[in-house]
Amino acid sequence: MSEFREVRRRDRIWDEAEARRLLAQGEYGFLAMNGIGGYAYGVPLSYVYTGDRIYFHCAPQGYKLECLAADARVCFCVVGRTRVVPQDFTTAYESAMAFGRVVSGLSDAEKAEALDGLVRKYCPDHVARSKTYIARSFARTNVLRLDIEHVTGKCKRMKEYDDEKNRTDSNCR
């Protein structure tokens with residue numbers, strides 16, 4: 001048996017390429033992990049996706065890092081477009097989930113590349129100016145890397161929703 005369960009609603013499966021597109025274009029994600037003491041722990045964060053890796057930054061200490069030191073296995077979720085359809089008691093949506101393990105202690109070169117990727121994603125008009133900012137805060141900024149082991153996607157499309165957004169997706173209803 002695989003570590004990763006199959007999606008129960010087969011009619012909602014979004015192909016992996018679409019799920020990865022959402023990972024690449026999403027504005028923020030939600031990192032879920034095993035908390036210390038038995039409670040799950042999750043936190044929304046800014047990120048940059050590249051290939052089979054997701055990078056995010058944080059402070060050099062804190063509860064998130066304690067949790068990850070105890071168990072590096074995580075799930076990272078990104079929700080794309082949504083729309084509540086009250087007359088049908090449902091919601092149209094798209095989402096992607098990446099499962100994997102978080103790695104810390106990155107080299108300075110990888111850390112700098114990840115921070116540059118974050119700037120290019122979130123502050124593309126300020127790349128030149130960001131070099132000074134990154135250099136000043138480099139020592140007190142931690143960068144973590146999620147090595148992706150498995151990706152899934154789910155979506156629910158509705159004709160009215162698709163027509164309004166002028167987009168259809170043949171593999172998801």
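Treat the numbers as computed from the prediction; the structure is a model and nothing was measured.
Contact between Ala96 and Ala19 at its shortest, heavy atoms only, is CB-O, 3.4 Å. Listed here is the closest heavy atom pair of Val78 and Gly29: CG2-CA, 4.0 Å. The two atoms that bring Arg20 and Val151 nearest to each other are NH2-CG2, 3.5 Å, heavy atoms only. The two residues Asn142 and Pro60 come nearest to each other via the heavy atoms CB-CA, 4.0 Å. Summarising the geometry of Gly35 relative to Cys67, their closest heavy-atom pair is CA-SG, 3.7 Å, with the distance given to 0.1 Å.
Put simply, the side chain of Lys121 gets close to the backbone of Tyr47: a donor and an acceptor are under 3.5 Å apart. Looking only at distances, no side-chain donor or acceptor of Glu94 sits under 3.5 Å from a matching main-chain atom of Cys155. The backbone N or O of Glu27 sits less than 3.5 Å from a side-chain atom of Tyr122, completing a donor-acceptor pair.
In summary, the side chains of Tyr55 and Glu110 do present a donor paired with an acceptor at a separation below 3.5 Å, with no hydrogens or angles considered.
Contact of the Arg145 side chain with the Val143 side chain is not registered, since no non-hydrogen atoms from C-beta on lie closer than 4.5 Å. The closest side-chain heavy-atom distance from Leu31 to Lys64 is below 4.5 Å. Between Val127 and Arg120, some side-chain heavy-atom pair lies under the 4.5 Å cut-off. Two residues are said to be in side-chain contact when any heavy atoms from C-beta on lie closer than 4.5 Å; Leu144 and Leu65 meet this criterion. In this structure, the side chains of Tyr133 and Leu115 stay at 4.5 Å or more apart for every pair of heavy atoms.
Applying the side chain to side chain contact (heavy atoms under 4.5 Å, CB included) criterion to Arg73, with sequence neighbours excluded, gives Asn34, Asp71, Arg101.
Taken from CG in Leu22 to NZ in Lys154, the straight-line distance is 14.0 Å, to the nearest 0.5 Å. Taken from CG in Leu45 to NE2 in His57, the straight-line distance is 9.0 Å, to the nearest 0.5 Å.
Linking Ile, Leu, Val, Met, Phe, Trp and Tyr residues whenever their side-chain heavy atoms come within less than 4.5 Å places Phe138 and Val48 in a single cluster. Using a 4.5 Å cut-off between side-chain heavy atoms of Ile, Leu, Val, Met, Phe, Trp and Tyr, with links allowed through other members, Tyr63 and Val43 fall into the same hydrophobic cluster. In the hydrophobic cluster analysis, where Ile, Leu, Val, Met, Phe, Trp and Tyr join through side-chain heavy atoms closer than 4.5 angstrom, Val103 is grouped together with Val74. One hydrophobic cluster, built from ILVMFWY side chains closer than 4.5 Å, cannot hold both Leu23 and Val79; they sit in different ones. Note on Val102: it clusters hydrophobically with Ile36, by side-chain heavy-atom contacts below 4.5 Å among ILVMFWY residues.
A salt bridge is defined here as a Lys NZ or Arg NE, NH1 or NH2 lying under 4.0 Å from an Asp or Glu carboxylate O, and Asp15 with Arg21 fails to meet this definition.
Atom OH of Tyr28 sits in a sparse spot, with 12 or fewer heavy atoms from other residues, nucleotides or ligands closer than 6.0 Å.
Between His150 and Phe99, the ring-plane angle classifies as tilted under the 30° and 60° cut-offs.
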So Phe76 and Ile148, side-chain contact (heavy atoms from CB on, under 4.5 Å) or not? Walk me through it. CA-CA 9 Å; Phe76 186 76; Ile148 298 172; over 6 Å; no

